[in-house]
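Shown next, in structure tokens, is the structure this report addresses.
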Protein chains: 2
Amino acid sequence: MTTSEGIEKVLRDASMRVTRPRVAVLAAVTAHPHADTETIIEAVRQEHPTVSHQAVYDSLKLLTSLGLLRQIQPHGHIARYEARVGDNHHHVVCRSCGSLADVDCAVGAAPCLHASDHHGFTIDEAEVIYWGLCPNCQSTKTA
Amino acid sequence: MTTSEGIEKVLRDASMRVTRPRVAVLAAVTAHPHADTETIIEAVRQEHPTVSHQAVYDSLKLLTSLGLLRQIQPHGHIARYEARVGDNHHHVVCRSCGSLADVDCAVGAAPCLHASDHHGFTIDEAEVIYWGLCPNCQSTKTA
DNA sequence: TTATTTATTTTGAATGAGTCAAGATATGCT
DNA sequence: AGCATATCTTGACTCATTCAAAATAAATAA
């Protein structure tokens, strides 16, 4: 899915050009799950030192809109990205250090997706963020 | 709960001073649910023209940490606040116009709060944001 | 393969929500 | 009323992200 051929097909199907920055960004996010933009820029530049930050921003936005990436941005934190997509998993964020971990869905396939009263909204996604303390910060706080 | 006496008690219990900006901010948020900071600043200044933006930022942060307010900040949007607190309700955000509505909990009291695998995190809150289209934008899109 | 078209990228400046810091002010206590 | 200091005002500053114009390179056709 996230292989080199995979992205080419998705991009071409969307009438988008297959460019070095785009492929590199997808690879970088795949290699660094939950990385922020700065980290992704650095990772991309390991292989392609001339790629601009703007190209990374553009690629992240494009790949996200095409469904190849997912953006995570908890309150008070900058945006992070992950390549794990389409399996309806959620995230835990540590209130203390900001570290982030994946959490599989609690109840079956798409829990929480059926709100009791939509106010007429059509809902296509339920995003869940759990807040708490990571193991590290728990011990630090109590120590 | 959100009355003038209510906030005084909460502030005093927390050893915080009862100041004009704090009371005004709580009143403004109560009167303008889901308002962003800019809107709250304007609302506060209707009554108290000399209150600084910094005081509003500080008050919002304090009142939020005391549990009198709740901050909502969907991806790509600036922070908004609401005074409805402690009833575990969630929000729908329109992908098109960014409008926001309350949604009561889908399944009983605290759904989704029990993630299957915490990775050792202690979870104290499950935040749910539904994404979709508001009634207005639905008709605009299809029209 | 080379020329052509134009989507993307580079570069560098700009935006703007939010934060920082120092001095002025007002709250709560005695 | 007067004191101590929490809070506010003012104004500069941060920094993730966006904007814009010129340069570049991907895709198509000759």
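Chain naming here is simple, since letters A, B, ... match the order of the sequence lines and numbering starts at 1 in each. Values below: every heavy atom of this structure, side chains too, minus hydrogens, waters and symmetry copies.
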Handout entry: side chain to side chain contact (heavy atoms under 4.5 Å, CB included) between A:Ile7 and A:Leu66, worked out
Key = CA-CA 10 Å; A:Ile7 182 178; A:Leu66 292 178; over 6 Å; no
Problem - Evaluation steps, side chain to side chain contact (heavy atoms under 4.5 Å, CB included), between A:Cys134 and A:Ser96 - result: CA-CA 8 Å; A:Cys134 71; A:Ser96 177; over 6 Å; no
Practice task
Evaluate the criterion side chain to side chain contact (heavy atoms under 4.5 Å, CB included) for residue pair A:Leu26 and A:Val23; output intermediate values, then yes/no.
Solution key: CA-CA 5 Å; A:Leu26 182 60; A:Val23 175; over 6 Å; no
Handout entry: Evaluation steps, side chain to side chain contact (heavy atoms under 4.5 Å, CB included), between A:Ile40 and A:Tyr81
Key = CA-CA 9 Å; A:Ile40 296 165; A:Tyr81 295 85; 3.9 Å; yes
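A side-chain donor from one of A:Glu82 and A:His34 sits under 3.5 Å from a side-chain acceptor of the other. A:His90 and A:Glu127 share no donor-acceptor pair across their side chains, judged by distance under 3.5 Å alone.
A salt bridge links B:Asp124 with A:Arg95; the closest basic N to acidic carboxylate O contact falls under 4.0 Å.
Near DNA chain D, defined here as any heavy-atom distance below 4.0 Å, the residues from residues 43-55 of chain A are A:His53, A:Gln54, listed numerically.
With a 4.5 Å cut-off on side-chain heavy atoms, A:His77 and A:Val93 count as touching.
Computed from coordinates, the A:Leu11 CG to C:dT9 P distance equals 10 Å when rounded to whole Å. Between B:Arg80 atom CZ and C:dA17 atom P there is a gap of 13 Å when expressed in whole angstrom units. Between the CG atom of B:Leu60 and the P atom of D:dC8 there is a distance of 11 Å, given to the nearest Å. Summarising the geometry, the separation between CD on B:Glu42 and P on C:dA17 is reported as 12 Å, rounded to the nearest angstrom. In this structure, B:Asp36 places its CG atom 13 Å from C1' of C:dG16, rounding to the nearest Å. Look at CG on B:Leu63: it is 12 Å from P on D:dT7, rounded to the nearest Å. Spacing between atom CD1 of A:Ile40 and atom C1' of D:dA16 amounts to 13 Å, rounded to whole angstrom units. Distance, B:Ile78 CD1 to D:dA16 P: 19 Å, rounded to whole Å.
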Are any protein N/O atoms closer than 3.5 Å to N/O atoms in nucleotides 23-28 of chain D? If there are, list each pair with its distance.
{"unit_1": "D:dA26", "atom_1": "N3", "unit_2": "A:Arg17", "atom_2": "NH1", "d": "3.3"}
{"unit_1": "D:dA27", "atom_1": "OP1", "unit_2": "A:Arg12", "atom_2": "NH1", "d": "3.2"}
{"unit_1": "D:dA27", "atom_1": "OP1", "unit_2": "A:Val18", "atom_2": "N", "d": "2.9"}

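Nearest nucleotide to the B:Pro21 side chain, out of C:dT8, D:dT17, D:dC8: D:dC8. When distances are taken from the side chain of B:Lys61 to each of C:dT19, C:dG18, D:dT17, the shortest belongs to C:dT19. Distance from the side chain of B:Ala79 is smallest to C:dG18 among C:dT19, C:dT9, C:dG18.
A donor-acceptor contact shorter than 3.5 Å links the side chain of A:Gln138 to the backbone of B:Gly120.
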